[in-house]
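Only one structure is covered here, and it is reproduced in the block below.
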Amino acid sequence: MSKKQKMVEAITPRDEDFTRWYTDICMRAELCSYSTVRGCVILRPYGYAIWELITGELDRRFKKTGHENVMMPLFIPESLLQKEKDHVEGFAPEVAWVTHGGDEELTERLCVRPTSETLFCDHYAEVIESWRDLPKLYNQWVSVVRWEKTTRPFLRTREFFWQEGHTAHATKEEAMEETLMILNLYEEFYQTALAIPVLSGEKSESEKFAGAVNTYTIEAMMHDGKALQAGTSHYFGNGFAKAFNIQYADRDNRLQYVHQTSWGVSSRSIGGIIMVHGDDDGLVLPPAVAPIQIVIIPIAQHKEGVLDEACRLKEAVKEAGFRVKLDDSDRMPGWKFAEYEMKGVPIRLELGPRDIAQGSCVVVTRDNREKTVVQLENIIEELPGMLNDLNKRMFENANKRLTSRIYDVSDWNEFVQTMDEKPGFIRAPWCKDPDCEAKVKDITKATSRLIEGAADKSHSCIVCNRPALQMVIWGRAY
RNA sequence: CGGGGUGUGGCUCAGGUGGUAGAGCGCUUGGUUCGGGACCAAGAGGCCGCAAGUUCAAGUCUUGUCACUCCGACCA
């Protein structure tokens with residue numbers, strides 16, 4: 001009984017204090033730890049391993065769609081950053097500046113990249129000359145710095161890790177196609193690799209990226225009903241091209257400005273995994289990004305033959321292509337159970353003298369803790385299906401939570417009340433007036449997360465009652 | 001940037017009225033254990049965030065400072 005209590009005490013229960021539950025998981029699952037640098041975290045091996053798997057999944061998709069990786073400098077000269085007006089204004093408040101090299105003051109300060117549009121543009125202006133040079137489909141995996149005031153592990157840190165794709169195209173149509181193709185790619189990645197259902201759509205004028213013509217987003221719903229912007233894809237038109245003079249000679253030898261896009265997914269996605277799938281016992285990881293997919297816990301491992309059998313099992317599982325760990329440390333089995341649950345390992349195999357005698361082992365799935373006994377000779381062929389089912393259950397559960405917590409509301413009072421009482425999103429029509437959007441934010445703290453599409457003619461704006469133009473998903477966000 | 005909280009072994013904290021530091025967990029070693037966070041024994045580990053000040057004497061009192069953390073305004 002006291003043991004039970006101890007386990008429960010390990011992390012703050014999710015429904016008691018969501019924020020503390022979240023940080024507890026980050027620390028206890030050894031994903032990250034606070035660093036001496038304010039607002040920055042240290043990615044620990046386990047957290048970094050997840051990030052590596054995420055980058056691997058995404059990078060594979062980028063390569064498949066013809067993108068190339070590059071590396072831009074960490075610094076941006078002030079004059080370069082200032083070339084596109086909207087862009088600077090958007091980022092100015094949160095950039096970090098380098099003013100000195102050694103003891104010498106620099107003639108021009110350098111900003112630590114908050115994002116690299118300007119660097120890519122500067123480079124594109126140099127390397128793009130003719131239509132034959134297009135499209136340029138570049139991406140980079142880097143960290144960027146934004147001087148945030150309040151920070152939280154993964155969700156908002158001053159330095160964070162991400163990929164930023166930057167492409168240049170001959171036509172508007174092509175650039176728009178790229179923008180939407182990436183949006184779909186992100187959506188597919190989140191739903192299959194992370195088992196996180198997302199909504200996708202366009203951002204409103206006030207929520208879009210600084211310098212973009214259109215910003216598209218995928219939004220996920222966390223367990224507490226709040227939204228997490230999980231990825232964005234921007235269409236730039238030729239605004240940047242004009243500011244940076246990125247021109248190419250078309251087939252008729254006429255100079256044209258390129259049309260550009262940019263898009264990114266960050267290490268914030270790890271926060272999403274935690275807040276969508278995690279429970280009171282810790283992390284629950286989707287198999288595709290689980291550093292350890294299968295952990296083998298030997299029971300009474302000092303007894304004759306147990307470790308040998310466990311080793312054989314491990315080798316077989318590894319041979320079959322799974323990421324597997326055999327924990328033969330001298331911890332108690334119960335300690336190990338709790339530890340790997342905390343770390344979200346999808347499947348645990350228990351192997352003890354009893355199992356060995358019967359030629360079987362106990363399989364426990366992390367999401368529902370279901371125990372089944374499987375014959376050792378069948379285990380390898382059973383595992384893929386079990387992982388698959390687990391992934392499916394994770395997605396379905398999250399999807400049920402998402403869809404059941406989107407409320408269709410058409411009346412302002414009901415909107416305020418719903419936002420206040422029910423965690424989740426609200427679908428409500430809007431007239432497109434930024435003042436109405438601002439009023440929603442002022443009063444309910446909810447923002448427009450995305451625009452689903454045009455509103456029905458019969459709809460009127462949730463705030464001002466004038467004819468509505470768009471159907472919008474609203475929610476409080478991280 | 002505003003408000004609150006906290007700084008004492010790796011972690012969580014205890015140390016009325018000032019007298020030179022303690023517990024639990026963790027760690028190390030040895031032994032017994034092993035199907036839901038084991039037990040016994042012996043160890044290692046701290047200029048008490050930092051800096052001034054008061055004092056014969058400061059985790060303890062004063063002032064300042066820094067850091068972290070939580071809650072609000074801005075943001076992936």
Side-chain angles (χ1 to χ4, degrees), chain A residues 1-12 17-20 22-23 27-28 33-41 90-95 114-115 143-164 186 203 206-210 215 217-220 227-234 262-272 281-282 297-303 306-307 327-342 348-357 360-362 364 369 371 373 441-442 445 447 477-478:
Chain A
M1 201 46 73
S2 68
K3 278 176 192 166
K4 177 85 184 172
Q5 225 158 24
K6 202 169 178 183
M7 279 178 63
V8 172
E9 275 166 12
I11 60 173
T12 310
D17 185 338
F18 195 78
T19 305
R20 267 180 56 196
Y22 175 80
T23 10
M27 301 303 153
R28 285 285 286 104
S33 102
Y34 293 115
S35 78
T36 41
V37 187
R38 182 201 241 284
C40 297
V41 293
F91 283 100
E94 46 184 354
V95 297
T115 179
S143 68
V144 289
V145 168
R146 297 183 189 174
W147 217 251
E148 301 290 350
K149 308 218 163 106
T150 44
T151 58
R152 300 185 56 195
F154 300 116
L155 300 176
R156 174 153 296 107
T157 48
R158 287 189 172 168
E159 180 187 20
F160 62 91
F161 304 89
W162 76 346
Q163 56 69 214
E164 44 179 320
Y186 282 163
K203 283 287 192 190
S206 70
E207 293 284 325
K208 75 180 192 192
F209 181 82
T215 288
T217 180
I218 54 171
E219 304 275 328
L228 185 76
Q229 182 172 304
T232 47
S233 185
H234 317 287
S262 89
W263 26 274
V265 159
S266 74
S267 42
R268 175 181 249 196
S269 51
I270 297 174
D281 293 324
I297 311 289
I299 308 292
Q301 60 182 329
H302 60 289
K303 290 195 177 151
V306 172
L307 269 184
D327 188 345
D328 58 357
S329 70
D330 58 5
R331 299 280 193 183
M332 301 295 291
W335 188 94
K336 294 176 186 175
F337 296 166
E339 185 64 17
Y340 294 100
E341 279 169 8
M342 177 64 69
R348 170 174 88 232
L349 302 180
E350 302 174 19
L351 189 69
R354 284 206 311 258
D355 304 295
I356 293 167
S360 62
C361 77
V362 177
V364 185
R369 278 182 203 67
K371 283 193 183 192
V373 176
K441 191 172 181 182
D442 270 2
K445 300 221 186 295
T447 49
Y478 277 99

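All values below were derived from every heavy atom in this structure, side-chain atoms included, with hydrogens, water molecules and symmetry-related copies excluded. Below, chains carry the letters A, B, ... as their sequence lines are ordered, and counting in each starts from 1.
- No contact: A/V144 has no heavy atom under 4.0 Å from any strand.
- Contact record, A/F209 with A/T215: N-OG1, 2.9 Å, taken as the closest heavy-atom pair.
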(message) So if I define the base as every atom that isn't primed, P, OP1 or OP2, how would nucleotides 68-74 of chain B read as a B/S/- string at a heavy-atom cutoff under 4.0 Å?
(response) SS-SBB-
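- Of the candidate nucleotides B/rC34, B/rG37, B/rG35, B/rG37 has the atom nearest to the side chain of A/M342.
- Note on A/R348: a base of the nucleic acid sits closer than 4.0 angstrom, heavy atoms only.
- Residue A/D355 is in base contact, counting any heavy-atom pair closer than 4.0 Å across all strands shown.
- In this structure B/rG64 sits in the anti conformation; its chi angle is more than 90° from 0.
- Look at the P atom in both B/rC27 and B/rA52: the space between them is 38 Å, to the nearest Å.
- A salt bridge is defined here as a Lys NZ or Arg NE, NH1 or NH2 lying under 4.0 Å from an Asp or Glu carboxylate O, and A/K203 with A/E219 meets this definition.
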(message) Once pairs are restricted to Watson-Crick or G-U wobble with both distances under 3.5 Å, how does RNA chain B read as a dot-bracket string, [ ] for crossings and | for other-strand pairs?
(response) ((((((((.[[[[.)...(..]]]].((((((.....)))))).....[[[[[..)....]]]]])))))))....
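- Rounding to whole angstrom units, CH2 of residue A/W335 and C1' of B/rG37 are separated by 8 Å.
- A gap of 23 Å separates the C1' atoms of B/rC61 and B/rA67, to the nearest Å.
- The gap from the C1' atom of B/rC68 to that of B/rG22 amounts to 25 Å, rounded to the nearest Å.
- Within the 4.0 Å cut-off from OP1 or OP2 of B/rC27, at least one side-chain nitrogen or oxygen of A/R331 is found.
- When the P atom is compared between B/rU65 and B/rG4, the two are found 15 Å apart, to the nearest whole Å.
- Across all strands shown, A/T157 has heavy atoms under 4.0 Å from base atoms, whether or not it also approaches the sugar-phosphate.
- Closest heavy-atom contact between A/V265 and A/A230: CG2-O, 3.7 Å.
- Put simply, NZ on A/K303 is 9 Å from P on B/rG35, counting in whole angstrom units.
- B/rA51 sits 22 Å from B/rU6 when the P atoms are compared, rounded to a whole Å.
- If you check every strand for non-hydrogen atoms under 4.0 Å, A/L228 touches nothing.
- Take the nearest nucleotide of RNA chain B for A/E339 and for A/D330: the residue whose nucleotide is more 5' is A/D330.
- Across all their heavy atoms, A/R158 and A/E148 have their closest contact at NE-O, 2.8 Å.
- One interatomic measurement links the two molecules: CD1 of A/I356 to C1' of B/rC34, which rounds to 13 Å at whole-angstrom precision.
- In this structure, A/I299 places its CD1 atom 17 Å from P of B/rU33, rounding to the nearest Å.
- Using atom C1' as the reference point in both B/rU69 and B/rA57, the two lie 35 Å apart (nearest Å).
- Each of A/A477 and A/Q301 was matched to the nucleotide of RNA chain B holding its nearest heavy atom; the match closer to the 5' end belongs to A/Q301.
- Atom-to-atom, NE2 of A/H302 to P of B/rG31 comes out at 14 Å; the value is rounded to the nearest Å.
- Across all strands shown, A/G264 has no heavy atoms under 4.0 Å from either base or sugar-phosphate atoms.
- With hydrogens and angles ignored, the 3.5 Å screen pairs no side-chain donor or acceptor of A/K303 with any backbone N or O of A/P353.
- Taking atom CE on A/M27 and atom C1' on B/rU12, their separation rounds to 16 Å, with Å as the unit.
- Rounded to a whole Å, the CZ atom of A/R354 is 9 Å from the P atom of B/rG35.
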